[in-house]
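Take a look at the structure set out below.
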Amino acid sequence: MRSAGTIDGITALGPDSATRSPTRRRARSDRPEPGTRPLALEPARCCICGTRDAEPVGVGEDFEYRTSPDSFLTVRCDHCALVYLDPRPTRAEMTTIYPDHYHAFTFTEDKFGFVYRVRRRLEARRLLTAIGKVPPNAAILDVGCGDGFHLELLRDFGQPGWRLVGVDLDPRAADAAEARGLVVHRGTIETVDLEADHYDFAILIQTVEHVADPAAVLAAIRRVLRPGGRLLIVTDNTGSLDFSIAKRRHWGGYHFPRHWYLFNDDALRRLASHTGFSVDELDTMVSPVNWVYSIRNALDDWGAPRPIVEWLSLESPIPLAAFTLFDWCNQRIGRAALLRAVLRRDPE
Amino acid sequence: MITTGPEISTAPVVVLGGGIAGLTAARELLRNGLDVVLYEAGPSVGGMADSHHDPEGFTFDTGAHFITNRLATATGVYEQCRAVESYGETVWLGGRSYDYPAGLLRVPRFVRAAIAERTHPRHGSATSAADRFRREFGTALADEIALPLLEAWSGAPATELAPAVADKIPSGIAQTVGLKLAARLTHRAVAVGYCQEAPQSANVWHVYPERGISAVCESLAADVADSIRLRSPVEAITVSDGRAVGVRVAGREVPAAAVISTAPINVLPKIVEGTDALERFRAFRFRPMVFVNLRLQGRDLLPHTMTWTPEAQLPFFRLTETPQAMPWLAPEGKTLITADIGAEIGDEHWSMDDGELGERCIDALVEIVPSARRDYLGCRVVRAPSAYPVFHLDYELDRQRLATSTGVDRLLSIGRNGEFAHILMEDVYWRTVRRARRLARELKSGAPVSV
């Protein structure tokens with residue numbers, strides 16, 4: 001969720017994210033300097049079929065933040081094509097793997113200037129297109145709303161009668177969203193007290209890959225959507241060209257160790273079906289971010305000079321523009337960097 | 001929360017042996033929601049993946065081991081590892097060394113013979129390892145290098161060994177060149193031809209734990225600590241109606257949902273009661289090895305990390321100077337060369353006094369390292385009674401059958417010795433993980449266990 005101006009990643013982690021397996025012995029309460037202490041890890045399983053039948057795909061490190069000295073493994077489910085991190089950090093490690101300087105906490109107009117403004121326009125258009133026809137007084141829910149970036153777009157560019165509500169676990173995020181004048185429920189979608197069968201539309205933008213149990217999150221969203229209500233999901237695409245090229249280690253979409261479940265169209269369809277949704281729309285969406293970060297990660301890993309590595313970032317319009325154009329070509333063949341799905345709540 | 005479903009049997013799965021295979025199986029079964037008890041005969045875990053630390057500051061394994069960053073990650077020891085910066089092999093022949101494999105192309109007779117095999121291919125499929133090696137490499141290279149090495153390693157004539165001994169990890173020339181190039185560019189010893197159970201890539205390279213290879217099993221053991229019973233040799237595996245139903249430990253019968261053995265496959269029939277389905281595995285042989293770890297003054301004494309020595313006048317067939325790849329395994333200014341000697345239990349080399357073995361190795365080593373006598377500091381010897389499986393033609397069909405089943409329901413034989421396979425640590429790991437998952441699936445469904 002690097003490109004989301006939110007802190008969605010830590011917001012939708014359910015209270016049951018810890019599995020029953022014992023945590024590693026190296027988990028300790030003392031915390032040495034950031035980056036030197038190995039994380040406490042726990043085994044994971046496919047959130048759709050519930051098995052651990054999976055084959056290794058990639059192995060990599062936290063190239064971007066170096067929050068720990070660990071190496072991480074991604075595997076692909078034999079049954080569902082879902083790619084997931086196994087093992088993954090325990091819940092107790094959230095504050096370590098999402099440090100205060102995590103980009104999503106600091107994606108502001110002051111810092112990102114031109115890129116921020118361009119993205120705001122693009123995102124507004126995409127959002128409104130996805131939402132399409134809803135009643136003038138529609139209730140719209142942003143799950144993992146972060147600092148309110150998307151809700152604010154809806155307020156500024158959408159219908160004045162829309163009732164906009166956010167959900168976020170992180171107090172830093174909720175405070176920021178409220179400062180924008182938005183309504184935010186503090187907690188996870190599984191735990192906050194929201195009216196059932198109420199919302200016309202929900203959005204889950206670059207969040208589903210961060211959560212401990214995507215199936216539980218979708219089930220909770222389904223509960224609060226009215227029958228026929230829709231859900232927009234945007235997430236990194238493991239059916240993309242950039243994944244094919246960089247999946248063994250450097251793929252930006254891995255975002256080690258913060259992206260726990262990664263989908264291609266097949267896996268997302270399975271998740272939808274498993275949680276009582278039908279698929280209205282499913283296509284790919286242009287994003288330069290994973291391209292830029294895949295290259296950045298490789299250069300960083302191979303010890304390239306720092307200025308070159310640093311130049312490849314969200315603050316650099318030139319590589320972002322170049323890869324936007326390139327990924328636009330990939331979109332023509334259905335292999336752009338992001339997956340975008342609009343799901344519809346099935347009748348009971 | 002995802003649940004794992006109801007269990008069919010309340011008895012635990014019993015695992016015999018606390019090496020990498022047994023520990024991996026136990027951990028994966030636990031992670032799949034099964035109860036597991038692991039019995040280890042010795043006072044500690046590790047098995048063949050054990051490390052020795054001598055008082056002089058040297059670290060060595062039971063034979064040199066190499067793992068990858070991927071295996072280190074999967075087993076939770078990555079942060080204890082250092083990257084291996086370079087790794088290479090040479091062949092010592094006629095008083096000089098040749099890089100393996102490219103350097104051998106400089107020898108005209110090898111090239112001529114290899115071309116002759118390609119231009120005049122033999123009919124039919126290979127009937128023995130000797131036949132297959134001659135077809136693949138040409139007669140000259142096979143007879144001078146491959147077959148002498150194979151025979152020293154196996155302790156049997158190459159004409160009596162199965163062609164399958166030459167099975168190798170498929171890797172195209174372009175891929176190999178690409179991986180070697182990646183190794184140069186990244187300054188990492190990219191693993192080439194090391195693992196067949198997971199993909200090769202420029203991003204999988206050799207690493208090694210600071211404190212030796214035993215770190216791998218220690219990490220796995222920590223994850224399954226509650227399931228491990230040390231000093232608990234399994235006296236018998238009970239089979240009833242063609243199905244493994246329990247084990248006997250210290251005279252006590254323990255029921256089991258399934259039994260997973262890591263014992264050498266030729267030992268398994270001796271402890272299984274209630275069936276003779278495993279009798280055919282008694283004939284399988286393992287080649288014992290004597291590993292002579294020579295301590296020397298100096299560093300980088302061999303042409304590269306590993307040197308193959310096919311010539312018969314040398315008592316060893318392979319030399320490995322691990323500190324070339326892992327400098328921290330020897331004190332500064334010193335090095336360790338491990339000489340691999342194929343043996344039979346009770347033969348001359350197996351029974352020889354350690355000091356005398358060291359002297360014999362040093363006498364031979366001076367041909368390759370002229371200063372070896374002067375720089376020799378002493379040795380430590382490790383003897384492995386079941387080091388390598390011998391693919392003898394006498395039991396080749398039974399060996400192929402073992403790849404699919406032991407012939408007893410709910411009795412699995414895993415790991416390098418249990419599978420009777422030429423596989424290295426990472427292959428052992430992934431194969432074992434897969435088999436454990438399949439067992440878990442079949443136990444939960446109540447289906448016959450065919451793995």
Side-chain angles (χ1 to χ4, degrees), chain A residues 14-26 35-61 68-75 78-79 85-87 190 212-213 215-216 246-251 256 297-298 301-303, chain B residues 1-5 27-34 68-83 182 184-188 190-191 195 197-205 207 218-227 426 429-430 433-438 440-441 444:
Chain A
D16 295 331
S17 67
T19 75
R20 288 178 297 162
S21 303
T23 56
R24 300 195 54 77
R25 73 194 181 289
R26 60 185 186 229
T36 59
R37 178 182 63 84
L39 297 172
L41 304 173
E42 62 188 11
R45 58 181 64 240
C46 174
C47 67
I48 304 170
C49 69
T51 75
R52 288 179 43 80
D53 302 339
E55 293 298 317
V57 179
V59 59
E61 295 158 29
S68 83
D70 296 285
S71 172
F72 303 95
L73 189 70
T74 55
V75 298
D78 297 343
H79 314 293
L85 194 67
D86 178 37
E190 298 103 306
D213 188 350
K247 67 184 172 193
R248 296 284 174 225
R249 185 166 179 81
H250 301 119
W251 186 49
F256 289 120
N297 292 345
D301 190 32
W302 296 333
Chain B
M1 222 23 235
I2 298 151
T3 56
T4 49
R27 188 176 77 161
E28 194 54 37
L29 290 168
L30 282 171
R31 288 180 170 184
N32 279 274
L34 294 175
T68 63
N69 59 322
R70 181 172 54 202
L71 178 62
T73 302
T75 55
V77 298
Y78 181 78
E79 76 279 358
Q80 301 175 41
C81 290
R82 295 199 212 170
R184 291 218 171 170
L185 291 173
T186 60
H187 303 291
R188 288 166 175 162
V190 173
C195 174
E197 298 291 332
Q200 299 197 96
S201 115
N203 299 306
V204 178
W205 65 88
V207 300
E218 287 163 13
S219 175
L220 289 169
D223 284 345
V224 298
D226 294 344
S227 299
E426 185 161 7
Y429 179 82
W430 293 118
V433 163
R434 274 187 211 118
R435 296 185 76 182
R437 287 176 185 161
R438 192 165 156 196
R441 215 162 47 230
K444 286 175 185 176

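Chain naming here is simple, since letters A, B, ... match the order of the sequence lines and numbering starts at 1 in each. In this text, all values refer to a predicted model and were calculated from it rather than measured experimentally.
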### Message
Once side chain to side chain donor-acceptor pair (under 3.5 Å) is applied, do any residues pair with B:Arg70, and if so which ones, sequence neighbours excluded?
### Response
B:Glu426
Grab the two heavy atoms, one from [X] and one from [Y], that are nearest each other, plus how far apart they are.
| X | Y | value |
| --- | --- | --- |
| A:Asp70 | B:Tyr78 | C-CD2, 4.1 Å |
| A:Arg52 | B:Glu28 | NE-OE2, 2.8 Å |
| B:Ala198 | A:Pro56 | CB-CG, 3.9 Å |
| B:Asn69 | A:Val59 | ND2-CG1, 3.6 Å |

What's the spacing between [X] [atom1] and [Y] [atom2] if we round to 0.5 Å?
| X | Y | atom1 | atom2 | result |
| --- | --- | --- | --- | --- |
| A:Arg248 | B:Asn203 | CZ | CG | 9.0 Å |
| A:Thr36 | B:Glu79 | OG1 | CD | 11.0 Å |
| B:Thr73 | A:Glu61 | OG1 | CD | 8.0 Å |

### Task
State, with a plain yes or no, whether a side-chain heavy atom of B:Arg441 is found less than 4.5 Å away from one of A:Thr51.
no
## Note on the structure
By side chain to side chain contact (heavy atoms under 4.5 Å, CB included), B:Ala74 pairs with (sequence neighbours left out) A:Leu73, B:Tyr429, B:Trp430
### Message
Whether the side chain of B:Arg437 engages the backbone of A:Ala54 through a donor-acceptor N/O pair (distance < 3.5 Å, no angle test) should be reported.
### Response
yes
### Query
What part of A:Asp301 is in contact with chain B, defined as an atom under 4.5 angstrom from a non-hydrogen atom: side chain, backbone, both or neither?
both
